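Some notes on the structure that comes next.
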Number of protein chains: 2
Amino acid sequence: MARFGNNLKAKEPVKASIHPSASDSRKLIHEALERSEAILIVGVCEILYKGRASSTLGSGERIVIITKDKALLIHRSCGYRAVNWQPAGCNFRVEKTSEDRLEITAVRMKPLESVKISFDRIYLTCVLDLIDESKICLYASESDMQKAILHRPSLIEDGFAPITSEKEMPTGFVDILGRDKDGNYTIIEIKRGRATREAVMQLARYVEVFRKENPNTRGILVAESLARGAERALASLNLGFKRLSPKKCSEMLREVEKNEAKEIKDYF
Amino acid sequence: MARFGNNLKAKEPVKASIHPSASDSRKLIHEALERSEAILIVGVCEILYKGRASSTLGSGERIVIITKDKALLIHRSCGYRAVNWQPAGCNFRVEKTSEDRLEITAVRMKPLESVKISFDRIYLTCVLDLIDESKICLYASESDMQKAILHRPSLIEDGFAPITSEKEMPTGFVDILGRDKDGNYTIIEIKRGRATREAVMQLARYVEVFRKENPNTRGILVAESLARGAERALASLNLGFKRLSPKKCSEMLREVEKNEAKEIKDYF
DNA sequence: TGCTAAATCTCGAAC
DNA sequence: GTTCGAGGTTTAGCA
């Protein structure tokens with residue numbers, strides 16, 4: 001951690017003010033916004049959103065977060081999703097509208113929209129000077145599946161040979177284009193989870209277009225599993241399916257990477 | 001607010017513990033979980049996620065929220081999206097793993113997955129007994145647009161007459177099916193924001209299938225605006241476009257509701 | 001319970 | 001800057 005790595009005395013990363021007055025809270029928030037520090041507020045508020053859509057939310061006790069990059073999050077005591085929000089890059093206005101009331105407005109310019117939070121009461125205002133330089137590493141994404149297939153085409157079927165990936169077509173991008181052991185063009189559409197009817201339609205469009213030039217073209221949907229409707233659609237459109245687990249692909253890739261590193265190490 | 005409405009002395013809704021020891025933090029969190037209160041933690045942690053996918057995130061200062069309904073949210077100092085999370089209904093385990101280390105694990109049963117947070121240091125632990133009974137009201141959704149069109153079909157064009165909505169087809173559900181002033185079947189696909197090529201393709205599929213039975217079938221895409229690719233696709237597929245604002249639809253609906261209420265009132 | 005489609009989707013990469 | 005597609009998508013509605 002940068003904060004502790006150099007043995008200098010750490011600056012206090014959390015300044016908490018419990019039951020602050022509206023004035024104090026306004027001052028803390030205003031200064032934190034100026035310095036681009038994160039802010040955490042717990043209190044009783046009403047919320048108005050106007051923009052692409054609009055929403056109203058009556059009084060309730062909520063958690064409000066403003067991030068360093070000026071995103072806004074309002075969380076209720078239940079549920080994973082924020083009840084109101086704005087993505088990063090907002091302009092904030094903080095106003096004391098009466099002795100005990102504080103109003104925070106986040107304005108996004110494009111598209112023009114705003115979220116207004118009117119606090120009746122503030123229980124807690126924290127200014128957070130958080131340091132967080134780590135990068136998140138995510139495994140078993142769709143692109144891991146694509147890489148795995150390109151690296152070991154037999155994951156699809158024996159004799160499959162990729163030609164290109166991300167080939168552009170009039171209706172979008174084909175995940176993988178290749179030929180099967182009989183020389184037929186084969187279009188691969190990858191979905192990491194349960195493939196829906198929509199995914200089948202996407203594959204069908206590519207195959208349809210490609211067949212105009214190359215009649216002997218097959219389509220194979222690759223996914224962890226198939227939704228009912230997708231199964232029916234595949235059958236009626238005469239397209240193939242290959243079950244493939246994103247986790248298995250990711251594990252295989254990491255194994256490959258390890259071996260490659262080893263080979264390089266062995267080489268020197 | 002329920003908390004203040006009855007003039008009883010309010011229970012303190014926020015218990016904040018600044019720089020708690022791992023033991024104290026563990027105790028606070030454990031009790032809050034038992035009582036289904038919300039929890040807010042700020043500290044230095046590493047995170048491991050394993051489940052449908054998997055992720056690792058090295059040490060950093062973050063905000064952790066556990067909600068009353070046992071959802072988990074981990075926010076970084078930047079960005080709107082949580083970096084790791086679990087939806088409501090998790091089982092939590094809180095363990096002190098060494099003098100200064102605290103480990104919180106959220107386990108979701110279906111699908112089986114887990115998020116493990118290892119705290120090196122905790123700056124703040126808050127137990128939040130939040131009351132929030134308000135319902136959020138959201139306007140200008142896609143279904144508002146559909147309702148508005150069904151209520152006033154001339155929003156599409158003069159003489160348009162809806163037959164059904166949400167009609168099932170082999171390839172999906174048609175938003176609105178109707179006839180135009182010349183008796184042609186007309187399929188309406190609605191998007192609330194900017195319509196993409198994907199939306200045009202969806203409409204094209206419906207029209208294509210429907211034309212097999214009824215050659216005189218038109219397709220109209222209804223949206224706030226059109227992406228470039230969507231525009232091209234519409235032109236080449238000979239489909240129509242009608243610009244319609246979700247906000248306008250929502251306003252119209254509320255006007256209609258008001259008048260209906262008035263009519264009923266006038267009647268009695 | 002499973003499936004389908006929307007979302008104030010957001011986010012990132014490619015053009 | 002716009003467009004396009006993925007996402008650990010989540011969530012709500014309906015069969």
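Just so we're on the same page: letters track the sequence lines, and every chain starts at 1. Because the structure is predicted, anything quoted here is derived from the model rather than measured.
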* Asked: Within this structure, what is the CZ-to-P distance between A/R197 and C/dT4, rounded to whole angstrom?
  -> 5 Å

* Structure fact -> Judged by nearest nucleotide, the residue sitting upstream toward the 5' end of DNA chain D, A/K110 or A/L138, is A/K110

* Asked: Is the phosphate of C/dT4, meaning OP1 or OP2, less than 4.0 Å from a side-chain N or O of A/R194?
  -> no

* Within residues 139-148 of chain A or reaching into it, pairs that qualify as side-chain hydrogen bond (donor to acceptor under 3.5 Å, both in side chains) - sequence neighbours excluded -> A/S141-A/S143, A/Q146-A/E166

* Asked: Please, which pairs that meet side-chain hydrogen bond (donor to acceptor under 3.5 Å, both in side chains) have at least one residue in residues 79-88 of chain A, sequence neighbours excluded?
  -> A/S55-A/N84

* Under 4.0 Å between a side-chain N/O of B/K191 and OP1 or OP2 of C/dA5, yes or no? -> no

* Would you tell me if any nitrogen or oxygen in the side chain of A/R192 comes within less than 4.0 Å of OP1 or OP2 on D/dT9? => yes

* To do: Answer with yes or no whether A/E142 presents, from its side chain, a donor or acceptor under 3.5 Å of a partner atom in the base of D/dG7.
  => no

* **Sugar-phosphate, base or nothing in reach of A/G51, heavy atoms under 4.0 Å** => nothing

* Side chain of B/F173: nearest nucleotide among C/dA6, C/dT4, D/dG8? -> C/dT4

For residues 44-53 of chain A, run the donor-acceptor check on the side chains, cut-off 3.5 Å, and write out each pair with its distance to 0.1 Å, sequence neighbours left out.
from: A/Y49; atom 1: OH; to: A/R52; atom 2: N; distance (Å): 3.3
from: A/Y49; atom 1: OH; to: A/A53; atom 2: N; distance (Å): 3.3
from: A/Y49; atom 1: OH; to: A/E113; atom 2: OE1; distance (Å): 2.6
from: A/R52; atom 1: NE; to: A/E113; atom 2: OE1; distance (Å): 3.1
from: A/R52; atom 1: NE; to: A/E113; atom 2: OE2; distance (Å): 3.1
from: A/R52; atom 1: NH2; to: A/E113; atom 2: OE2; distance (Å): 2.8

* Asked: Can you list, by residue number, the residues of residues 78-93 of chain B that have a non-hydrogen atom closer than 4.0 angstrom to DNA chain C?
  -> B/Y80, B/R81

Would you list the protein and nucleotides 13-15 of chain D atom pairs, both N or O, that sit under 3.5 Å from each other?
none

Please output the side-chain donor-acceptor pairs of residues 242-255 of chain B that fall under 3.5 Å, not counting sequence neighbours, one pair per line with the distance.
from: B/S245; atom 1: OG; to: B/K247; atom 2: N; distance (Å): 3.2
from: B/S245; atom 1: OG; to: B/K248; atom 2: N; distance (Å): 3.0

